[in-house]
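The sequence lines fix the lettering, A, B, ..., with proteins before strands; numbering per chain opens at 1. It should be emphasised that the depicted structure is a prediction, and the values quoted were computed from it without experimental measurement.
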Protein chains: 2
Amino acid sequence: MDAYKFIKDSIIQGKFEPGARLAEETLAKTLSLSRTPIREAIKQLEAEGLVIPLKRGVGVRNFTREDIRQIYDLRTILESYAAGQAAIHRTAEDLERMQDANNRYEKVIQTYVESDIDRIGEITEVNQEFHEAIVAAARNDHLYFHISKVVVVPLVFRSFYWYNQFQILQSLEVHKTILEAITNQEPERARIAMHEHIYQGRDHVLTNFEKITSPS
Amino acid sequence: MDAYKFIKDSIIQGKFEPGARLAEETLAKTLSLSRTPIREAIKQLEAEGLVIPLKRGVGVRNFTREDIRQIYDLRTILESYAAGQAAIHRTAEDLERMQDANNRYEKVIQTYVESDIDRIGEITEVNQEFHEAIVAAARNDHLYFHISKVVVVPLVFRSFYWYNQFQILQSLEVHKTILEAITNQEPERARIAMHEHIYQGRDHVLTNFEKITSPS
DNA sequence: CTCATCCTGATTGTATACAATAGAAAAATA
DNA sequence: TATTTTTCTATTGTATACAATCAGGATGAG
């Protein structure tokens, strides 16, 4: 496995303490590599802002409540624009991809609601696929590039754990609205729906921030 | 001088042919460094999208007309949002910084119009300072981070060379309007003015794209 | 003359070696 | 005991060494 992906995933999955220094030698041994490729991977993560330089070496960035607020504001702007553009530019394949993602989203949510067993990992994943399909349909590679960097950060907090069933069912409804607007080529409606959708996510993460960040 | 800044500046100043491969050994010798720090700098530039991986090594990214269109669309969204937020959050120091930048902008444009000698380098620089002051006043570090990556790309084309005096004087007027709106805390007016301002820049670069990219 | 194949050299990718120093532990002073 | 100074060690930052492979030219066949 390549070093970049491994370290990035480790950070997202919270395998380091907040602010913990990344020990190069340790990572090198874990991945059976020398320090050279490890350092290069770290430099990339640094350029993305997931990791910050210390006096020597780097540590995983400790995102504050204010960071999360800013990131969600930014994501709201970018992704609602993307939804509007997607409603203009979407092709048949785009729609198929969105529908497929959303069908799987509905399915996993149903089994979750019926059985109440833990499906949060899957829900998070399929949700991401839906959002990504929309951004891809906006036909702007640079927009896609920047959104994918912005979206990564809140994953650290795995906020879906704190949604209740009602909220999750509600987000499914919103997804359907967005999909409908994009299908019918209604940019403004798609934009507004996405704007509210992500703003709801923002509110949720901010009201649960202490719960989310404090050790369970 | 550190390798990252040197290579980045070299790319922006067009010191490499479009698509040219970055020879590590050469850069290392130029900067009296070993290849290790050079490679790390390159990895950062790669993460920012200024440089793309080849089969072996990397080359400077060759931005197309479509890239420029996408980048300006993105910048329009981000920076008009920033202007709106700046109108809400600006402090006295923010306003001072913007005014200072814009005064210098006016001054250098005046001497340019009067004498018609080449001041394009300065004009570009002071223009950037004004825009940066606004983004900083929006009080969103992550927005700032992403905008600064987006803004860099078009600099490669040094499009200011192709503005005529009328256009430059017009952009000064728009700056004044934006500054006024931010001073008076009129977010919507600031947002719209900035939106149109950057969209004008977009049009300009796109209509002059062939002139700009073909070797003079 | 054109195209395919095979070599050769140059350049990258990775590993190791060495030098510099931050930070912790130990010692010393008040 | 608390606080400063000193020493030492672990880890980073940089340089070099070696291995892998791509690119371009030479050779040869059609």
Side-chain angles (χ1 to χ4, degrees), chain A residues 1-64 145 148-149 152 156 215, chain B residues 1-64 145 148-149 152 156 215:
Chain A
M1 188 178 189
D2 85 302
Y4 170 77
K5 199 164 156 34
F6 177 82
I7 301 172
K8 184 172 172 181
D9 287 350
S10 299
I11 293 172
I12 291 172
Q13 290 162 31
K15 291 183 180 169
F16 299 100
E17 292 294 306
R21 141 185 252 118
L22 296 183
E24 297 177 1
E25 198 66 50
T26 311
L27 288 166
K29 261 184 203 156
T30 309
L31 292 160
S32 310
L33 285 168
S34 71
R35 278 175 51 216
T36 312
I38 302 290
R39 297 194 104 239
E40 288 174 357
I42 287 175
K43 274 282 180 267
Q44 294 191 65
L45 293 166
E46 203 183 312
E48 293 174 17
L50 263 184
V51 128
I52 49 167
L54 307 170
K55 280 198 182 175
R56 280 244 310 266
V58 298
V60 311
R61 178 158 180 183
N62 193 3
F63 292 100
T64 65
F145 180 83
S148 52
K149 306 295 177 204
V152 165
V156 175
Chain B
M1 187 177 191
D2 85 303
Y4 169 78
K5 199 163 156 34
F6 177 83
I7 301 172
K8 185 172 172 181
D9 287 351
S10 299
I11 292 172
I12 291 173
Q13 290 163 31
K15 290 182 179 170
F16 299 101
E17 293 294 307
R21 140 185 251 120
L22 296 183
E24 298 175 0
E25 198 66 49
T26 312
L27 288 166
K29 263 184 202 156
T30 309
L31 291 161
S32 309
L33 286 169
S34 72
R35 278 175 50 216
T36 312
I38 301 291
R39 297 193 103 241
E40 287 174 357
I42 286 175
K43 273 284 179 274
Q44 294 191 65
L45 293 165
E46 202 182 314
E48 293 175 16
L50 264 183
V51 128
I52 48 167
L54 276 23
K55 279 197 183 175
R56 279 253 299 276
V58 299
V60 311
R61 177 156 179 185
N62 194 4
F63 292 99
T64 66
F145 179 85
S148 52
K149 305 296 177 203
V152 164
V156 175

Open item on the list: As a quick check of understanding, evaluate side chain to side chain contact (heavy atoms under 4.5 Å, CB included) for B/K43 and B/E40, giving each step before the final call.
Closed with: CA-CA 5 Å; B/K43 273 284 179 274; B/E40 287 174 357; 5.6 Å; no
- [ ] Mind calculating the distance between CG (B/L27) and P (D/dA15) to the nearest angstrom?
- [x] 14 Å
Open item on the list: Without decimals, in angstroms, what is the distance between A/R56 CZ and C/dG23 P?
Closed with: 8 Å
Task: Length of the line joining B/E25:CD and C/dG9:P, which is rounded to integer Å - done: 18 Å
Open item on the list: Show the nearest heavy-atom pair for residues B/K8 and B/L50, with the distance to one decimal.
Closed with: CG-CD1, 4.0 Å
Open item on the list: Please report the distance, rounded to the nearest Å, between CZ in A/R39 and P in D/dT16.
Closed with: 16 Å
TODO: Would you classify B/I42 as touching base, sugar-phosphate or nothing, given that sugar-phosphate means primed atoms plus P, OP1 and OP2, and contacts are heavy atoms under 4.0 Å?
DONE: nothing
Open item on the list: So for atom CD, which belongs to B/Q13, do other residues, nucleotides or ligands contribute more than 12 heavy atoms lying within a distance under 6.0 Å?
Closed with: yes
TODO: Could you work out which one of D/dA15, C/dA15, D/dA23 sits closest to the side chain of B/K55?
DONE: D/dA23
Task: Whole-Å gap separating P (C/dT14) and CD (B/E40) - done: 13 Å
Open item on the list: Restricting to non-hydrogen atoms, name the atom on A/L27 and the atom on A/L22 that form the minimum distance, rounded to 0.1 Å.
Closed with: CD1-CB, 4.3 Å
Task: B/E24 CD - D/dC22 C1' separation (whole Å) - done: 14 Å
Task: Short side-chain N/O contact from B/S34 to OP1 or OP2 of D/dA15, under 4.0 Å - done: yes
Open item on the list: Could you tell me how far apart A/I38 (CD1) and D/dT12 (C1') are, to the nearest whole angstrom?
Closed with: 14 Å
TODO: Let me know the distance between CG of B/L54 and P of D/dG24, rounded to the nearest Å.
DONE: 11 Å
Task: 5' precedence on DNA chain D between A/R21 and B/R35 (nearest-nucleotide basis) - done: A/R21
